[in-house]
Structures are given as C-alpha cells and as structure tokens.
Amino acid sequence: AASDVYKRQLIKGSTDPNWYFQYRIKIDGKNNTPHIFLDGVRLQAPKDGPAIELYGGASACLYFIGGDSELIGAENFAALQKNKTDGYLRVLVQTGTKLTCEGGRYGAGIGGSKVGIKNFSQGHGMNLHFGSLATGIYGGEILATSGVYGAGIGGGQGGPGRFIYIKGGTVNAGSESGGAGIGSGDQDGQNKSEDAYHIEISGGTVEAWSNYAGAGIGGGRNGSGRDISITGGVVRAQGYLGAGIGGGMNGDSGNILIKDTTLTAQSLPLFPSSSYKDLPAAAVGRGSNRTHWMSVMQNQEYLMHIEENIKIGASDGKSVWLSATGWQWRRSQGPYEWGWGTTTELLIPNENGRVDLQRLSLPYAYNYGRVIGKLELRCEESTHNHEFVWANRDDCHIWVCKNCGARDPAAEMSKQNAKHTPSGWSNQEQLCAVCGHVLERDTKAPVMETLTDGESYTCLLYTSPSP
C-alpha cells in the first residue's frame, strides 16, 4: 500500500513479454494520492481480486511509461479497479506506450467489480479520468475490455458508470456482452437499475462498443444513459441493441450534447426491412424495445421523454455536416412512401451553437431525427455570410444558404419547407406559389387550323356606326 512517505513510486516490470507477476497492487487510504509510474508491468491478478485496486476511498494517479503494460483481473473483478464512490483514479499513458486492461468475467476492464462480491466491492465505476488536454506527453493508447456483463470502462455487473472523463490519448473500450463500452454494467436481474451519467469526452480518439445489449457510450442492458457530453476529439460509438450513445437495451436517455467533434454513432443491427417487428435502438438516444420506429416518425413528440434534450452543434460560427442513415418517410410523395436511406445535410446551429437532433425533419425525410440508425457528424468552417433563398430539393422548396447550401432548422422560413405548391399559368409557365420554382412549361407549338375542300369559313365584320 502506498503511504505518505512514498507518494511517488516507480514499478518496473520484467523485460520478458511472456512473464506475468501473480500479484496485486493495492492502494489504500483516503489521505493519500500517490503518483505511481509503471514501466512494462504485466500483472495477472490472483483468483480473488483485480490486478490493481484502489480501496478505502483512496485516490491515485497512475502513469504508464516506457514499455507496454498489461493488467488482467480475476473473475468478478476489474483489471484496474476503483472501489467505492470516494476518491478518484487518473490514468495517463505516455505517447508511444500501450496499456491493456482485461477485466474478469462480471468485472469492468477499468472501473468496478461485480456488485456485492465483497463488502468493499460495490461495482462502482465512478470518478475515472483519462488523458490530458494540457500536454502531448501522455497521448498513449488504452485498451480496456470487460468480461461478460461488465463495461469496458465503468461499472461491473450491476454497477453504474458515472463521472468518467476522457481528455486525450487513444481509448478503445468495449464490453463482450451486457455492459456498455463506456458507462454502466449489465443491470439485468438487479433489484434497482443503475444508470450511467456524467460522462465527458473533450479530446483524444475514442472508440466505444458493446457486442450485445449495451450502448457504445451510456447504459448497459436495462440501464439508461444520461448527461453525456462529447465536445472534442474523434469518437466512434457502437451499440448492439443498445444506442450508439444513450440507453442500453430497454433503457432511456437524456441530456446528450455532441459538439465540436467528429463522430460516428450507430446501433447494430441496422434493419433495412420494414417488416422488422422489433423496436430498434437509435444511433443517439433510446435503447431497443422502447418504441416502434414508425410511431416516432409519424409523431415527432411521441414518447419524447424517453430520449429528451439531445443536441448536436459547433462553435465559432461553424456548420455541422450530418449524414443520417435510417428510415426515410417521403411524406411529400405520399402517406406510405417510406424506405431505408440516407439524408445528408449541412446545418447552421442557433446562437448557442446547437441544433435539436430529434426535431430534424424534411418534407422528403419527415421527422428523420428520431429514426437514425447510423449518424455521422463533423464541423465545417463557414467562409461567408449566409444569404438565404429557396432551393429546389426533391421536388420541394427548402430554405437554404445560396452560397453553401446550409440549412437553419430553427429559422422561421424553414417552417414553410414543403412540397411545391402549383399556382396558375403565366407566360406558358406554371410556378410554385411559395418559391417561384418553374414546375412546368408549355412548349407545344401553336396549332394552325386550315380548311379542306368543300368547307367554308364565315367571317363577321363589325363596323361601328358613324357618329
């Protein structure tokens, strides 16, 4: 155990890459925040615990430097475990160094154990910090994978994933089954589901995935994911029957902000067949089994409380490029004209730099913001002042910037986006009554009538009487 006398320690592993120490490093005490440097350390935990453990409310800063390190947890435990809600764990990996954390069955890769396995092991995956925005020294790689039912980073089985911060480096976090990539563990069978919340990603390259029933970032099975903020870096989040970002299977979501980032979020499997009867998850928002895609596509406000307040955006006057793959209701062409497809847009955020994702809608992709299976985002610089005009898109008039084609979903004129409305004919043209787009032209030549043999033509000449 670390003490006040030895607040900075160096632990160096064997140079043999096949040699694993069969020991556990334990960090104890609320009054200590040791700074421990680990160089090429490979630990395989004994059968009754994690490889490295913070307990008794301890905090610690762990620096993985030099050679690659690998931590393996025993069944029920994380590889790198922080118990209780007190204290914090900060993990920094030197650029060029890789840390691999493999949780045992029911444990997280980094975070909590299975709930209740020991008196001090509550499954907590709380107050975890990774990387740094202040320096490029610690930009190394972290690979954190759970056994079944735990999160890659966050809670073990039955445990929450809360107050998780990623500021830099490369992080790959995944759950084999039941847990989120980053967030809570599997909540199935628990007396009370523990939600994941307060997860912040502000930099680095992050990949988070769940192979079954969990969100990429957010809730494990039967768990919700809320208060998730992604404000930088490059992020890829993939759930399976859970949202890419948000709720796990049967879980809800809320208060999600995705801004100033390059992002891909998707929920697998994608279902391009309208005969699919189950209730798929969203790329960002609800988990599976919460509502049918057709219900929210036809009524934008239906069950909005299960995935409320989801925003995307950009700062400093930038626009948001968006690609949304999912169900597309071509309402402008008919009440039953829907199919699987992709809508691509360049969007202008409001004065707060935000766009309401769930209320995105177009006449040819009605209410598409709530039925996205795969979402791709990036920010783009705006090099001009936006000047708006009507544009013809898919036989509809859409209010857009004439210079770049970007759309402001919150603009008052955007409420008139619709299928063209035919007006009367003028100068051999039929125009849209709203935008003036030419719908049809009369290009037929004049018809000349002539007399045939035996026909006569009578002309009546009217002459006004003389005054």
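Residues take their numbers from the sequence shown, with the count starting at 1. Model, not experiment: these values are computed from the prediction.
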* Asked: Among side-chain atoms of Gln187 and Tyr149, is any donor-acceptor pair under 3.5 angstrom?
  -> no
* Pair Trp327 and Trp338, ring centroids less than 6.0 Å apart -> no
* Hey, are Gln157 and Asp186 close enough side-chain-wise for a donor-acceptor pair under 3.5 Å? -> no
* Asked: Can you tell me if Asn83 and Gln81 form a side-chain donor-acceptor pair at under 3.5 Å?
  -> yes
* Asked: Do Phe130 and Tyr165 have their ring centres less than 6.0 Å from each other?
  -> no
* Where do Ser319 and Pro349 come nearest, in terms of heavy atoms and distance? -> CA-CD, 4.2 Å
* Asked: Among side-chain atoms of Gln328 and Thr343, is any donor-acceptor pair under 3.5 angstrom?
  -> yes
* Using 30° and 60° as the class limits, which term best fits the ring planes of His384 and His386: parallel, tilted or perpendicular? -> perpendicular
* To do: Verify whether one side chain among Lys311 and Asn309 offers a donor that lies under 3.5 Å from an acceptor in the other.
  => yes
* To do: For Arg331, enumerate each residue passing the side chain to side chain contact (heavy atoms under 4.5 Å, CB included) test, keeping only those at least two apart in sequence or located in another chain.
  => Trp329, Tyr366
* Asked: Does a salt bridge link Glu380 with Arg378, judged by any charged N lying under 4.0 Å from a carboxylate O?
  -> yes
* Asked: Can you tell me if Thr170 and Thr205 form a side-chain donor-acceptor pair at under 3.5 Å?
  -> no
* Asked: Which atom pair, heavy atoms only, marks the closest approach of Lys259 to Gly353?
  -> CE-O, 3.6 Å
